[in-house]
Amino acid sequence: MHKFVIKRTLITNQLLKKTSNELASDIKSNTKSTPKKQNKYSETILLPRSQFRAQLNGKERMEKDKYLSEKCGFSELYEWQKKNLSGPDFILHDGPPYANGIPHIGHAINKILKDITLRYKIINGNRVHYVPGWDCHGLPIELKVIRNNSQDPLEIRKKARKCAEEAIVKQKQAFQSWGVTANWNESGCYFTNNSLYMKHQLHQFIKLYEKGIIFRDFMPVYWSPSSRTALAESELEYNQQHQSIAVIIRLHMNNIPNLNLFKNHLVYALIWTTTPWSLVANQAVTFSADAAYCIVKDNKGNLNIIAEDLLKDTELKIGPLEPIACFKGRELEGSTYFHPFKKEKCPFFAASHVTTNRGTGLVHTAPAHGQEDFLVALQNKIHILSMVDAEGRYTETAGPVFHGLKVLTEGVDKVMNLLAEDILHVETLIHSYPYDWRTKQPVILRASNQWFINIDCIREEIIGTIANVNIYPKCNRTSFLKTLFAGIKTRPYWCISRQRCWGTPIPVLYSKTTGKAFTNKELVERLCNSIDRYGPDCWWEYSAEELMGLDVIEKFNITADDDIMDIWFDSGISWSMVLPNGKADLCLEGYDQFSGWFQTSLITSVALQKCSPYSALFVHGFAVDENCLKMSKSVGNVINPEELLLGGSDLKKSPIYGVDILRWWVASHGSQQAQVPVSKSLFDGCKDCIHKLRLILRFLLGALYPYHQEISCKSKYRIADKYMLYLLYCYNKQMQEHYDNYEYHHAAKTIMHFITNDVSAFYCTLIKDRLYCDEIMSPTRIAVVQVIKEIFNVFIRSIAPILPHLAEEAWLYYPEKRTSLPLHCTQYKVSESWNDPTMEQHIDVALQLRKIVLKIVNTTTWKLYGIIEATEKDFVSLSFLHDGQSSTSELCEILQLSSIKLVKNHVISKTGIQVYDIQRTLCERCRRYPETREDGLCSRCIDVLAKNSSMNTTV
C-alpha cells in the first residue's frame, strides 16, 4: 500500500467528519417532496440530483436484481464478448460440479469467484473462454436411484440420468441468478454423460492403453463393501475415531533352520494385527533382515520370537519375558510356521516395510488385503488368495466356518473365538481409518481385477510440470505445491475401474476361456458407432455381438464386462474436450482438489500431451458456520444461497440480502483462507458496505446532474483536484494488481478504504462549496464535475467484477450515458497524466495542520480563522494552497477555516497553527463566514447571483 494511504488512514477520523451518509442527505434534501420552509437562496444552490436509490428494501432488491439481469444483457454478455473483444482468450477451465443435490454455499463461493475473474478480464477488454460443466456419473446418484432395490442396469441408468438432469437445471438457474456469465445453453456447456463426451473419453482411454499407461491387474485396492465397488484415494475420508480390535497372537513355528539350538523346541512367532479378520487370508510372516530379534520365555515357559526393541512394550501387555537368545532377523530366512486355521506350512520372508516402531517386529501378511503384503507376494512368487467378495463377506474358499460372514464384524468375532487359545492380548485401538466418503462406512483393502493408470512411468514428468504452475493465493503457494507434490510422489497407480453401471463403460472385451482382456482402436470405434446408433446405454442394452460385430466375437471368442470408469477419470480428461490447445490459463477450485481434480487432470494431461493442463491454480476454502464447523447436511448447518437472495420463512432471522451482498461476501471472505466463515453478522456487515457504496454512488451521480447545457468551457483544476486524480490513478493501479493476483479480499478492502476516505471524507467534503455554490459555468466548478466524472468512471468499473448488478444499476442513471450499451460493453482508459505524486507533499502538510486544529477545537471550525507559522519547506507547499486570498483559498477549504494568515518562520523546526474566533456573520447563501455585506451575502455569492440574473435576462 502507498505510504500516503497509510498516513491518511491514521488521521481520517479526526480530519474530515463528513461521511457518505451526510453527503447523501444533501441529495435527499434536494429531492424530498414534502413541503419545507426554504431559505430564499435555496433555488440558487446547485445541490446534487439523482433518481438512483440509496437503499432498496428486500422485495425491491429481488425485483431489481431480476430487472438488471434482463435489462443489462447478463445472458448475452458471454457471446457479446466473444464477438466484440480481441484475443488471445483468457481460458478459465471449469472443474465440473457434481450433478446431484441443490446448489449450496460452496457452489456460490466457487462460481462467483470464477465470475469475478471473468468479468475483470472482460471489463478490461480481454476476451475470455469459459465452458461450464457438470460431472454427471457416479455412485451418489446411483445410490439415490436404487433405493427401491432396483438392480436392472437400464432402469438405474434411466433414473440416474433424470436425477442428474434435474439437478443440473436447479444448479444452472442458481448460477445464473448469481450473475455468473457463460453460454448457459446446452451447446455452451459440457456434461460427462453426454454421448459426444463419452465417445471422446473412450478415445482417450484407448490412447493411454496403447501407450502402456493403462493396464489391468489383480491387486489389492480400497474397496467399499457398502458401495460394492473399488475406490480411489480421493474417494476416501479418514475417520480419526475409528475403533479397531488389535490383538497379539502366537503362530506355531514349524521349522527354524538357522537356529539349530531350538530345532526340537516348541516356539511361537508373536504377531500384532489390527485386522484379525484377515488372518483367514494369511499367507506369510515378514520380518526385518537387519533388526535384532530375541527368543524369549514367558511366565508359562513358552518360547516366543519377538523384536528386541519391542520387548518392553510387549511385556506391558502379556507379562514378563525372559530373553534366551538374540539374533539378526536374517536368521529367520527359510523358517516356516503353521497357518492359524488350515495348519498348512507357510513361509517367513524379509521385507523392507517391516519396522520395530510398533507391534512385535513380525508382520502377518495377507497379500490380498494389503498393498505392501501384495508386493511381498509378487517378489516371492506367491499365488494370491482372495477370500472376500464384493459385499465384504468371506467366500467359499475361506471354508464353511467363515463362508458368508461379514469380515469387519462377524468375521472378527469368529476369528477371535476360534483363536482364543493363541490370542495373548486384546485391545481396542482408536485410530485413523479410511471410510467411503459417500456412504460413511469403513472400507477394506481387497484384491480384485481392476484397471489402473501407471503413475510410476510418468511420475518424473508430472513432478517436472508442477514446478512451473503458479498457485494463488501466493502466500499459500509453497504449502499447496507440497500438497500437490506429495499426492504424486506417494501414488504408485490410480485405479480407474468401478463395479457399477452409472458411468462410461470400459471398452474392453474378455476371453471366455482365459479371461484375458482384449481392446484396440477398431473396437473403440465400433463402440462409438454403436453409441451414435443406439445411444449411451447401448453397452447394457445390447449384446457384444450387436455392438462389436459377430466377426470380432467369433474370431477371438470374447465377451463383454460391465465395469465403468472412475468418475475422476471422466472429469480428469475434460481439458482435452473443452480447452483450446488442451491448456487453461487458470483452474479455480477448492483446496480439496489437490487430491482430486487438480491431480487427475494433471496425470491424464502429462500422460497424453506431456504437459500440465493449466498454467495457474487459484485455490479457495470451504464454508464453515460461526462455530467453524464444516457445513454438512448431517450436522444441519447448511445455508442455501437462495435463502440469502430471497430470504427465509422468518425474515428477521433470514432477511433478503440480494445478489450484491452475496457476491461481496464471497469476494471479501472466500478467496484467502481455508475456512470461509458464514454467519448473519458477516452478511449484515456486507450489507452495510453495499449501503455505503450506494450512498457515495448516489452522491457522485447527483453531482453530475446536468444543470448546464452542452456549453464548451475551460476548467481550472485546483491542487486538491489534481491530488484526487493522482489518488484515483493509484487506486486504479492498486485494484488492477489485486485483480491480477486474484486477491479479491484485498480488492474489497481497497474499495471501501478509497470510497470512505479518499472520495467521501476527503474530496467530496472539500468540493461541496465549489460544487453547490459556485456559478454553474465557473472553471473551478467545471473542474470539480470533471473530476467527479472520472471518479465515477474508474470506481464503477473497479467494482463491476464483484458487483455487476450494482455497477450496471448505477450506470443506468449516469447523466452522460448517451447510448443504451450496458457498462460491460463500454471501454475506458485512465490517463497517465494523473500520475503526479508532487501533489501529495502539498496536501499532506495541510492535512497534518487540520489534525492539529481538530485536537484544539470541538466546535464548527468555519467560525474560526488561523495563523500559520511555517518552516521554510512547509511554507513552499502551503503557498501552493494559499494564494493570498484570505477566505477562498484551497488551504481554507482543507482546514475548514474562515480565513488564514500564512507566515514563514526561519527559526522554528515544526510548522504550527493557532486559531481564533471571528466576528463575522454567516453568509445566507453559502453558509460560510467570509466577509459579508449588509445584505447578508459574501462577495462570491453576490457575483454568482449577478451572473445568474444576467443569464436569465439574456435567455
Side-chain angles (χ1 to χ4, degrees), residues 238-253 256 258-259 261-262 265-279 282 284-333 335 337-340 346-366 369-373 376 412 415-416 418-434 445:
Y238 285 81
N239 182 352
Q240 304 298 324
Q241 299 300 314
H242 179 80
Q243 295 185 1
S244 292
I245 300 296
V247 299
I248 294 178
I249 185 172
R250 64 185 187 183
L251 299 176
H252 185 188
M253 297 292 293
I256 317 174
N258 297 320
L259 297 173
L261 181 63
F262 300 96
H265 291 76
L266 180 61
V267 180
Y268 295 97
L270 300 188
I271 63 165
W272 177 79
T273 180
T274 61
T275 58
W277 63 266
S278 65
L279 286 166
N282 173 268
V285 168
T286 50
F287 60 88
S288 171
D290 297 323
Y293 288 84
C294 293
I295 291 184
V296 298
K297 182 187 293 184
D298 61 25
N299 54 12
K300 294 182 179 180
N302 296 315
L303 299 181
N304 305 284
I305 301 176
I306 190 173
E308 186 176 14
D309 291 345
L310 294 164
L311 183 59
K312 290 183 179 179
D313 289 343
T314 307
E315 280 186 312
L316 294 175
K317 296 178 179 179
I318 68 173
L321 297 171
E322 178 189 351
I324 303 298
C326 292
F327 55 90
K328 284 290 185 182
R330 61 179 57 91
E331 298 296 321
L332 292 171
E333 286 280 4
S335 299
Y337 68 96
F338 291 106
H339 189 278
C346 299
F348 270 69
F349 294 123
S352 60
H353 70 274
V354 179
T355 67
T356 57
N357 298 326
R358 195 174 189 181
T360 63
L362 297 175
V363 178
H364 143 61
T365 301
H369 304 293
Q371 292 166 340
E372 291 164 331
D373 300 25
V376 169
V412 172
V415 167
M416 299 285 287
L418 293 178
L419 296 180
E421 183 180 337
D422 291 314
I423 294 176
L424 306 183
H425 183 262
V426 180
E427 61 183 308
T428 299
L429 182 69
I430 299 176
H431 63 129
S432 176
Y433 190 88
L445 280 164

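Index from 1, following the sequence.
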Peer 1: Of the non-hydrogen atoms in Met253 and Phe338, which two are nearest, and what is the gap between them?
Peer 2: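 What the structure gives for the nearest pair is O-CE1, 4.2 Å.
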Peer 1: Could I get the full list of ring pair (Phe, Tyr, Trp, His ring centres under 6.0 Å) partners for Phe349, not counting sequence neighbours?
Peer 2: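 Not a single residue meets the ring pair (Phe, Tyr, Trp, His ring centres under 6.0 Å) criterion with Phe349.
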Peer 1: Is any side-chain heavy atom of Pro340 closer than 4.5 Å to one of Asp422?
Peer 2: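 Asp422 vs Pro340: side chains apart.
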Peer 1: If you round to the nearest 0.5 Å, how far is CG of Asn299 from CD1 of Ile318?
Peer 2: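 It is 8.5 Å, given to the nearest 0.5 Å.
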Peer 1: If we only count heavy atoms from C-beta on, is the Leu424 to Leu270 side-chain gap below 4.5 Å?
Peer 2: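 SC-SC contact between Leu424 and Leu270 confirmed.
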Peer 1: Mind checking ring pair (Phe, Tyr, Trp, His ring centres under 6.0 Å) for His339 and listing every partner two or more places apart, or none if nothing turns up?
Peer 2: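 Partners of His339 by the ring pair (Phe, Tyr, Trp, His ring centres under 6.0 Å) criterion come out as none, since no residue qualifies.
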Peer 1: Looking at Val376 and Ala351, what are the two nearest heavy atoms and their distance?
Peer 2: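 Here Val376 and Ala351 meet closest at CG2-CB, 3.9 Å.
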Peer 1: Applying side-chain hydrogen bond (donor to acceptor under 3.5 Å, both in side chains), which residue pairs with at least one partner in residues 305-319 are found, sequence neighbours left out?
Peer 2: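 Pairs touching residues 305-319 that pass the test: Asp309-Thr356, Lys317-Glu427.
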Peer 1: Which residues satisfy the side chain to side chain contact (heavy atoms under 4.5 Å, CB included) test with Ala350, sequence neighbours excluded?
Peer 2: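 Side chain to side chain contact (heavy atoms under 4.5 Å, CB included) check on Ala350 returns Phe287, Ala289, Glu333.
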Peer 1: Applying side-chain contact (heavy atoms from CB on, under 4.5 Å) between Val415 and each of Thr273, Val247, Leu279, Ile423, report the one that passes.
Peer 2: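 Looking at Thr273, Val247, Leu279, Ile423, the match for Val415 under the side-chain contact (heavy atoms from CB on, under 4.5 Å) is Leu279.
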Peer 1: Are any of the side-chain nitrogens in Asp290 or Arg330 under 4.0 Å away from the carboxylate oxygens of its partner?
Peer 2: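 Result for this pair is yes, salt bridge flagged.
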Peer 1: Heavy-atom count check: over 12 atoms from other residues, nucleotides or ligands less than 6.0 Å from His353 NE2?
Peer 2: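 It does: His353 NE2 has more than 12 such atoms within range.
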Peer 1: Could you grab the distance from atom CZ of Phe327 to atom CG of Asn258, nearest 0.5 Å is fine?
Peer 2: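 It is 9.5 Å, given to the nearest 0.5 Å.
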Peer 1: Of all residues at least two apart in sequence or in a different chain, which pass the ring pair (Phe, Tyr, Trp, His ring centres under 6.0 Å) check with Trp277?
Peer 2: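 With sequence neighbours excluded, Trp277 shows a ring pair (Phe, Tyr, Trp, His ring centres under 6.0 Å) to His369, given in chain and number order.
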Peer 1: Between atom CG of Asp298 and atom CD of Glu322, what is the distance when rounded to the nearest 0.5 Å?
Peer 2: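 Interatomic distance, Asp298 CG to Glu322 CD, rounded to 0.5 Å: 10.5 Å.
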Peer 1: With Asn239, which residues qualify under side chain to side chain contact (heavy atoms under 4.5 Å, CB included), at least two apart?
Peer 2: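 Counting only residues at least two positions away or on another chain, Asn239 forms a side chain to side chain contact (heavy atoms under 4.5 Å, CB included) with Gln241, His242, Tyr435.
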Peer 1: Would you compute the distance between atom NZ of Lys297 and atom CD1 of Ile324 and round it to the nearest 0.5 angstrom?
Peer 2: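 Rounded to the nearest 0.5 Å, the NZ-CD1 separation comes out at 5.0 Å.
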Peer 1: Salt bridge (charged side-chain N to carboxylate O under 4.0 Å, His left out): which pairs involve residues 346-362, sequence neighbours left out?
Peer 2: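 Passing the test, one end in residues 346-362: no pairs.
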Peer 1: Taking the side chain as everything from C-beta on, heavy atoms only, tell me whether Thr365 gets closer than 4.5 Å to Val285.
Peer 2: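 No, side chains not in contact.
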Peer 1: Could you tell me which residues satisfy side chain to side chain contact (heavy atoms under 4.5 Å, CB included) with Leu445, sequence neighbours excluded, listed by chain and number?
Peer 2: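 Leu445 satisfies side chain to side chain contact (heavy atoms under 4.5 Å, CB included) with Tyr222, Gln371 once adjacent residues are dropped.
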Peer 1: For His252, which residues count as a side-chain hydrogen bond (donor to acceptor under 3.5 Å, both in side chains) partner, sequence neighbours excluded?
Peer 2: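 Partners of His252 under the side-chain hydrogen bond (donor to acceptor under 3.5 Å, both in side chains) test: none.
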Peer 1: Going by side-chain hydrogen bond (donor to acceptor under 3.5 Å, both in side chains), name the residues that satisfy it together with Tyr293, two or more places apart in sequence or in a different chain.
Peer 2: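 In terms of side-chain hydrogen bond (donor to acceptor under 3.5 Å, both in side chains), with neighbours along the sequence ignored, Tyr293 is linked to no residue.
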Peer 1: Do the non-hydrogen side-chain atoms of Tyr337 and Leu362 ever get within less than 4.5 Å of each other?
Peer 2: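 The answer is no; the side chains never approach within 4.5 Å.
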Peer 1: If you define the side chain from C-beta out and look only at heavy atoms, does anything of Ile305 sit under 4.5 Å from Leu332?
Peer 2: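 Side-chain contact under 4.5 Å: yes.
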Peer 1: Please report the shortest heavy-atom distance between Ile245 and Pro276, naming the atom on each side.
Peer 2: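 Where Ile245 meets Pro276 most closely, the heavy atoms are O-CD, 3.3 Å.
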Peer 1: Hey, could you give me the CZ/CD1 distance between Arg250 and Ile271, rounded to the nearest 0.5 Å?
Peer 2: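 Reported to 0.5 Å precision, the distance equals 12.5 Å.
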Peer 1: Taking side chain to side chain contact (heavy atoms under 4.5 Å, CB included) as the test, write out the residues that go with Ser278, two or more places apart.
Peer 2: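 Partners of Ser278 by the side chain to side chain contact (heavy atoms under 4.5 Å, CB included) criterion, ordered by chain and then number, come out as Thr275, His364, Ala366.
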Peer 1: What distance do Ile295 atom CD1 and Leu321 atom CG have between them, rounded to the nearest 0.5 Å?
Peer 2: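 Answer for the CD1-CG pair, Ile295 versus Leu321, is 13.0 Å.
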